[in-house]
Structures are given as C-alpha cells and as structure tokens.
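We number each residue from 1, following the sequence as shown.
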Amino acid sequence: MAGKISIIGQIAEIDREIAEREKLYPRLVREGRMPEEKRVMLMDRIFAIRATLNFCRENETDIRAWMAEKKAGRA
C-alpha cells in the first residue's frame, strides 16, 4: 500500500469516483443492467463517504487533539 494519503487527496478521489458513477449508473439503469433502487443505494453510500471525509477534514484539529489526549491517558 502507498504511504499515507491526505484527507484532501481522499476527498478529491471520492469526488472523481462520484463523477464517474454519475455518468455510468444512469446508463446502466437505462439499459436494464442495474435497478434504479440499487443506483440510489450506491450513490447514497458514496455521498455518505464524502460527508464523513468532509466532517473529518472540518474537524481534524479537534479529532487530533482528542486522539492525543486519549493516547496520553486523559480521555
């Protein structure tokens, strides 16, 4: 596995993947190769991943502080 990947890099990758899926999935649904319900479920999941990554980015300082306290035995 590659070294650590920054949260910004992870968000960029998930945004790229969302764009790909937004192009691909409607075609698969039209062709009858994917049910609409599955398309919705998969897109909901990937949007949840992006939301989690954005939450981590927005709260990175607090998360790191909490982790440091926990490691030091204060949390």
Side-chain angles (χ1 to χ4, degrees):
M1 183 172 154
K4 290 184 181 180
I5 299 177
S6 72
I7 194 81
I8 299 299
Q10 292 176 55
I11 292 168
E13 180 60 23
I14 207 70
D15 286 341
R16 184 202 62 76
E17 182 63 25
I18 287 170
E20 289 295 316
R21 290 181 185 200
E22 286 177 332
K23 288 188 276 186
L24 175 64
Y25 288 178
R27 180 174 56 83
L28 294 177
V29 170
R30 277 192 313 275
E31 294 172 353
R33 295 170 50 200
M34 176 184 286
E36 174 66 13
E37 297 78 20
K38 184 173 182 179
R39 181 198 69 78
V40 170
M41 178 197 61
L42 293 173
M43 291 307 295
D44 285 349
R45 285 180 179 176
I46 203 162
F47 286 133
I49 293 167
R50 182 170 61 184
T52 300
L53 289 170
N54 278 317
F55 173 85
C56 291
R57 180 183 52 82
E58 292 163 3
N59 295 283
E60 184 174 6
T61 302
D62 292 337
I63 293 167
R64 288 186 184 280
W66 178 82
M67 290 173 62
E69 286 180 16
K70 184 175 179 181
K71 188 175 183 180
R74 295 186 300 242

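When all heavy atoms of E60 and I7 are compared, the pair lying nearest together is OE1-CG2, 4.2 Å. Taking every heavy atom of both residues into account, L42 and R21 meet most closely at O-NH1, 3.8 Å.
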Are N54 and R50 close enough, and set up right, to give a side chain to side chain contact (heavy atoms under 4.5 Å, CB included), and what steps lead you there?
-> CA-CA 6 Å; N54 278 317; R50 182 170 61 184; 3.5 Å; yes
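Residues that satisfy the side-chain contact (heavy atoms from CB on, under 4.5 Å) test with I49, not counting sequence neighbours, are I14, L53. Every residue meeting the side-chain contact (heavy atoms from CB on, under 4.5 Å) condition with R30, not counting sequence neighbours, appears here in chain and number order: P26, R27.
Under the 4.5 Å side-chain heavy-atom criterion for Ile, Leu, Val, Met, Phe, Trp and Tyr, L24 and M34 are members of the same hydrophobic cluster. With hydrophobic clusters built from ILVMFWY side chains whose heavy atoms lie under 4.5 angstrom apart, I11 does not share a cluster with F55. Using a 4.5 Å cut-off between side-chain heavy atoms of Ile, Leu, Val, Met, Phe, Trp and Tyr, with links allowed through other members, I18 and I5 fall into different hydrophobic clusters.
For residues 37-49, the salt bridge (Lys or Arg N to Asp or Glu O under 4.0 Å) pairs, not counting sequence neighbours, are E36-R39.
For R16, the CZ atom is densely surrounded, since the number of other residues' heavy atoms within 6.0 Å is greater than 12. Counting heavy-atom neighbours within 6.0 Å of F47 CZ, excluding the residue itself, gives a total above 12. Annotation: M67, atom CE; neighbour count of heavy atoms from other residues, nucleotides and ligands within 6.0 Å does not exceed 12.
Once rounded to the nearest 0.5 Å, the distance linking CD1 of I63 with CD of E58 reads 10.0 Å. Within the model, atoms OG of S6 and CD of E13 stand 11.5 Å from one another, a figure rounded to the nearest 0.5 Å.
Taking the charged nitrogens against the carboxylate oxygens, K23 and E20 do have a contact shorter than 4.0 Å, which makes a salt bridge.
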